[in-house]
Amino acid sequence: MSVVTIPFAWLLLKFYDMTGNYGAAVILFALIVNIILSPFMAKTKKSSMRMAKLNPMLQELERRHKGNPQKYQEEVSRLYRENKINPMSGCIWNLIPFPILLALYSVIRQPLSKMMQLSSDTVTLISDWLGKNAGFVASKNGTYDEIVMANLAHQNYPQIMADLGDKAAGLLNIDYSFLGLNLGNQPQWNFFTKVDWSVASDWGPALALFLIPFISAGISYLSMVISMKTSPSGTAQQQASMKSMMLFMPLVSVWICFIMPAALGIYWIFSSLFGLIRDVLLTILFKKQVDAEDAERRQRMQQREAELERKRQESERLRQEGSMQQNENTSKKKLQAAQKQRDEERRAAAERAEKAARRKGAPEVEQLPSQVGNRLFARGRAYDPDRYPNPDAPGEEAQAEPAALQETPDGQTEVSVEAPASVETGEAAAEQPDETRTDEAAQTEEAEESGDSEQSE
């Protein structure tokens with residue numbers, strides 16, 4: 001971290017030498033950082049505005065491929081690729097301010113060793129002198145001891161330089177005051193219990209320090225609201241994410257400003273303010289360009305849809321004429337994927353139709369004999385429940401007709417029994433078994449007597 005903080009410490013020290021005011025130096029530091037990051041933020045802003053123009057198309061793809069998430073992701077990727085948009089391009093640049101904030105925090109927290117580049121021996125020597133002559137007492141954790149030492153050194157600068165001389169070479173007279181505030185102090189949430197309300201010079205600075213975190217949170221919230229209005233999110237998931245960030249980031253801002261010196265709060269406030277101004281200017285700059293790109297994209301889509309419609313009509317005409325031919329170069333994998341997609345879309349359409357019919361109170365479709373659950377042909381397409389008789393069910397027996405005697409060409413007679421003309425139930429046949437057998441025996445005897453008489457003749 002020491003190597004990283006060197007350019008930040010040098011830049012902050014240069015601004016302090018120029019202005020002679022620590023607060024003004026922090027504000028100029030925030031301005032320069034925003035100017036340096038402007039090209040990257042401009043790229044992110046333009047990408048987000050272009051993505052906002054694709055929101056209607058994304059919603060249409062989501063509606064069209066509701067039952068096929070894999071196809072939806074493929075279409076979204078194709079849409080981004082055709083429009084040369086990387087949805088993750090803005091994430092990296094949005095995270096850059098946080099490392100800068102950490103580096104600046106290290107410079108502000110350790111002004112002697114980071115900003116003035118004093119050695120540890122020199123810092124120890126100054127600490128001992130302040131402990132003997134200015135009442136300095138080191139804290140247990142030592143987080144902000146160097147800020148306290150820098151404030152005491154500012155108040156006793158002539159005496160320190162006179163006593164230590166060359167041993168304190170490099171010690172600078174840094175004044176942390178800004179608009180009556182000591183930017184080396186931390187805001188106190190319970191300041192109202194520690195100040196004398198009868199003395200304005202006592203409670204005034206404490207109240208101003210207490211308001212810094214909330215001013216920072218308000219500007220951060222306003223910046224996100226304006227950014228959301230200029231680049232609205234399309235999908236419900238993106239909108240929910242933005243709303244969560246609008247609540248989360250201001251709370252983070254309040255927390256950071258309460259646990260760090262007030263100088264960090266001043267930096268956060270002006271950094272958010274400069275970022276807000278930059279966002280508005282970039283929106284005005286890129287609006288015409290993005291609108292022109294959107295109009296050109298819509299024209300290309302209209303031409304593409306017209307071409308697809310022409311091909312569809314041509315395919316329909318060839319299908320009606322029976323001239324359709326499958327492309328021999330189409331791989332089996334593509335054919336299977338196309339068939340799977342059609343099956344999924346057909347299944348999704350059937351589910352939507354079934355839900356719509358249930359909502360309207362329409363009668364359910366008659367179930368096929370071969371259907372089991374939602375499987376239409378589970379028992380086979382040619383399934384017939386009455387194909388074979390049931391042995392356990394009541395049967396039907398036919399009543400035989402009286403046999404007829406027919407004369408053959410050689411003078412012989414034969415008995416021919418015609419097919420039964422009427423069928424009775426099994427119960428009726430069971431009631432008259434003897435009578436049926438008697439009729440058959442009488443017919444047989446009559447035929448035999450007729451045959452004997454003809455032979456005797």
Side-chain angles (χ1 to χ4, degrees), residues 60-76 308-309 311-404 414-437 439-440 443:
E60 176 63 21
L61 290 176
E62 186 177 5
R63 183 194 64 80
R64 186 182 303 173
H65 303 288
K66 187 176 182 180
N68 191 352
Q70 181 180 0
K71 182 65 176 177
Y72 169 73
Q73 293 296 333
E74 293 177 358
E75 291 295 326
V76 170
L308 291 176
E309 180 63 21
K311 291 182 179 180
R312 188 192 66 78
Q313 293 179 357
E314 181 68 16
S315 299
E316 185 66 24
R317 183 184 65 81
L318 293 175
R319 185 180 293 107
Q320 292 177 357
E321 295 176 357
S323 302
M324 289 290 292
Q325 294 181 358
Q326 183 175 338
N327 188 359
E328 297 179 355
N329 296 326
T330 305
S331 64
K332 183 178 180 181
K333 185 177 180 180
K334 289 185 178 180
L335 293 176
Q336 292 176 350
Q339 182 63 33
K340 182 179 180 181
Q341 178 185 348
R342 288 193 295 269
D343 293 342
E344 291 179 353
E345 292 178 352
R346 183 167 58 251
R347 187 180 301 107
E351 291 177 357
R352 290 195 296 269
E354 183 179 356
K355 290 180 181 179
R358 288 178 181 177
R359 286 195 297 267
K360 293 180 181 179
E364 296 185 358
V365 181
E366 182 180 359
Q367 186 172 354
L368 298 175
S370 61
Q371 183 174 353
V372 176
N374 60 352
R375 300 165 57 197
L376 298 180
F377 303 106
R379 297 189 179 97
R381 292 180 177 270
Y383 173 76
D384 185 4
D386 299 327
R387 182 185 296 271
Y388 302 103
N390 189 354
D392 297 332
E396 295 180 351
E397 295 183 359
Q399 293 183 354
E401 291 289 332
E414 61 180 1
V415 181
S416 63
V417 181
E418 298 180 358
S422 62
V423 179
E424 295 180 350
T425 62
E427 296 178 357
E431 292 176 356
Q432 300 176 352
D434 296 339
E435 182 179 353
T436 303
R437 284 195 296 269
D439 293 342
E440 292 176 354
Q443 292 176 4

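Hydrogens, waters and symmetry mates are skipped; everything else that's a heavy atom, side chains included, is used.
Under the side-chain hydrogen bond (donor to acceptor under 3.5 Å, both in side chains) criterion, Lys340 pairs with no residue, sequence neighbours left out. In this structure, the side-chain hydrogen bond (donor to acceptor under 3.5 Å, both in side chains) partners of Asp343, at least two apart in sequence or on a different chain, are Gln339, Arg346.
Listed here is the closest heavy atom pair of Ser370 and Gly380: CB-O, 3.1 Å.
The distance from the CZ atom of Arg342 to the CD atom of Glu345 is 9.0 Å, given to the nearest 0.5 Å.
Counting heavy atoms of neighbouring residues, nucleotides and ligands inside a 6.0 Å radius, atom CD of Glu74 exceeds 12 of them.
Lys355 has no carboxylate O lying under 4.0 Å from a charged side-chain N of Glu351, or vice versa, which leaves the two without a salt bridge. Ionic pairing of Arg358 and Glu354 is present here: one or more N-O contacts between side-chain nitrogen and carboxylate oxygen are shorter than 4.0 angstrom.
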Take Glu344 and Arg347 through the salt bridge (charged side-chain N to carboxylate O under 4.0 Å, His left out) test and state the conclusion after the steps.
-> CA-CA 5 Å; Glu344 291 179 353; Arg347 187 180 301 107; 5.5 Å; no

Glu75 and Lys71: salt bridge (charged side-chain N to carboxylate O under 4.0 Å, His left out), yes or no, with the steps?
-> CA-CA 6 Å; Glu75 291 295 326; Lys71 182 65 176 177; 3.3 Å; yes

Salt bridge (charged side-chain N to carboxylate O under 4.0 Å, His left out) between Lys311 and Glu314, worked out = CA-CA 5 Å; Lys311 291 182 179 180; Glu314 181 68 16; over 6 Å; no

